[in-house]
Structure formats: structure tokens, C-alpha cells
Amino acid sequence: MILLSGKQIAEQINRHTELLCRAFSERFSSKPCLAVILVGENPSGRTYVNTKRKLCDLIGIESRLYEFDSSVTQKQLTDKVKSLNEDRCVDGILVQLPLPSHADESAVIDVIDPGKDVDGFTPQNMGKLLLGGGRLISCTPKGILRLLDAYDIPVQSKSVCVIGRSNIVGKPVAALLLQKDRNATVMICHSFTDDVSRYTEKADIVIVAAGCPGLVTGNMIKEGSVVIDVGITRIPDSTKKSGFRLAGDVDFDSAVRKCSAITPVPGGVGPMTVAMLMENTVIAACARRGITDCEELLH
Ligand code: GUN
């Protein structure tokens, strides 16, 4: 059984991104710059943003934080995004999701300049991904495929069951796996699927991104399958200093006895997502300066 350490692989990727950032700064006399918009007081949103900004600092990316009260209007948010689109110093724009319920997320995302859309969430970048191309690919799906690659886990001709149909994970990871260079057979389950185990038990790889702690248990999966757990839910736990523990969508203890490889929570997919955000920021910064392959910076 292999524990798929996203933490370890992400560290390797981040070290390389740091090299790219150093070369970028030498060439252009400025660091790649990521603008982050955070709305309201969602504790996990704030934690994610802090993690992303700390890593920016370590790697050599300038990060700017724009915070808004949860009462912010739709127009104030779209105006901010538009001004960041125009700001020549800003290479990447990230709007931390979810937004408060009164804000229309897709309307805010729609105004992000696709060239600065480091989350790959705009209709243009999602569309390109579906068509089999595109430079800026959503971070969690991209991170999952990089993690599988790093452990030499093939997806070609494998049956993959994706649980969850979100725009952030489920849909784009299914689209990536389906592409001609990946060639997986993809099943997508969601909250209206009748008997999810009918699909999971046939799958060579199960990717769970449902936000339901413990949804997938060992008896639902095939012997020797690979399990990727994208879930990360805060569960109140008075024995922890923070007051909570993090729970994945997979019941680790039962799944680990049956699978051939599994991601831990935390330390699995999460660090890969953040590493891909850093990489995408450098990709966007390079593309804005006419460099289509960041590796060119090292020549
Ligand atoms: N909320 C949960 N995951 C993500 C992500 O990958 N990007 C953004 N912007 N918000 C998120």
C-alpha cells in the first residue's frame, strides 16, 4: 500500500517553482504577482488564503490581499476584479470561494481576465480545458493528475469514478482524465446517483470530492484500487488545540485495508492544489510577457 504524499511531491514542485521565480525576477526585475480577494469571515477560507500567501512569500511571488466585509456588493467585487485586470503589475487574480450567498460567484468569475485566471475558473479557461487545451488549468484537478504522474500511476484505459460534480473539482478532473493524452474511462457520481457503490466498486481509481466526511468506505471499493480524497471538512474536536480536526470524504481506516494507494487528509491533495496555484501564477506571469514555456526562463 502506497501513501500518496501530496505534501512531499508539492515540496518538490514548489522548489522548482522557486527557481523559476528567481530567474523571472532576474529577467524582469519584478516578481510574479498574485492578487487575492477574500470576502467575509469564513475561517477555512481565511486559512487557505493565509497558506497560499505564506507559500507565495517562500517561493518569491508577490501577493496582495484585498479583503471585503461580507456585506460587499456584487458591483464592488466586479469593480475590484476589473481594476486588477487593468493593473499591469498583477499577473494572477484569485477570488477565494465560496462567496457569501448574496453574491453571484459566476458573475464575479466571469469578469476575471482569462490571462490572469490562475484558478482556471473562467468560462474561457474551462471551455479550453473541455476542448482539450488551455494554459491555465484549475489547481485541484491539475494537482491530482500531477500526483498520479509522480507515483507512476497510469490512468490510460483505467476506469475512474469521480464523486462530485463541482465546477472546481468534479467536472474539470473528469474532463482532464477524458482527454486524448490521458484516455481514462470516466464515471461521474453525484448527490442524485442511485447507489454510488455500484460505480465505485468497478473503478480502478476513485476520486472523491463531495464534501461528505467518510462517504466512501472500504466495502465500496475494489481490491487494489487507487483512492484520491479531495474532501477536507472541519469537524469540531475539543481535544485539538485548534478546536477541530480535518476529515476527508474517505473512511481512511477501512479504505486503506483494500486499496493499493491512497491520499491522506491532510497532506494529500491539499498541498498539490496550492503548488499548482503557484505554478499557474508563474505561467500567467510568463505568458503576459510573451513566454509560453516557463522552463525557458532557466536557459
Ligand atoms: N475554494 C475551495 N477551493 C478553491 C480553489 O481552488 N480556489 C478558490 N479560489 N477557492 C476555493
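Just follow the structure's listing: the first ligand is 1, and inside any ligand the first atom is 1.
Annotation for Lys128: atom NZ does not count as buried by contact number, only 12 or fewer foreign heavy atoms lying within 6.0 Å.
Among all non-hydrogen protein atoms, the one lying nearest atom 4 (C) of ligand 1 is Ile168 CD1, 4.2 Å. Of the protein's heavy atoms, Gln96 NE2, 3.5 Å lies nearest to atom 11 (C) of ligand 1.
Under the 4.5 Å side-chain heavy-atom criterion for grouping Ile, Leu, Val, Met, Phe, Trp and Tyr, Leu65 is connected to Val274 within one hydrophobic cluster.
From Leu20, atom CG reaches atom CD of Glu296 across 11.5 Å, with rounding to the nearest 0.5 Å.
For Leu97, a nitrogen or oxygen atom sits less than 3.5 Å from a nitrogen or oxygen atom of ligand 1, counting backbone and side chain alike.
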Under 3.5 Å, sequence neighbours excluded: what are the donor-acceptor pairs made by side chains of residues 209-220?
| from | atom 1 | to | atom 2 | distance (Å) |
| --- | --- | --- | --- | --- |
| Thr217 | OG1 | Asn219 | OD1 | 2.5 |

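Near Leu94, the atoms of ligand 1 lying under 4.0 angstrom from a non-hydrogen atom of the residue are 9 (N).
Looking only at side-chain heavy atoms (C-beta outward), Met187 and Val160 stay at 4.5 Å or farther from each other.
Remark: Lys116 does not engage Asp91 in a salt bridge, criterion side-chain N to carboxylate O under 4.0 Å.
In Phe121, the part holding a heavy atom less than 4.0 Å from any atom of ligand 1 is the side chain. Counting heavy atoms under 4.0 Å from ligand 1, residue Val95 touches it through the backbone alone. If you look at Asp119 next to ligand 1, the close heavy atoms, those under 4.0 Å, all belong to the side chain.
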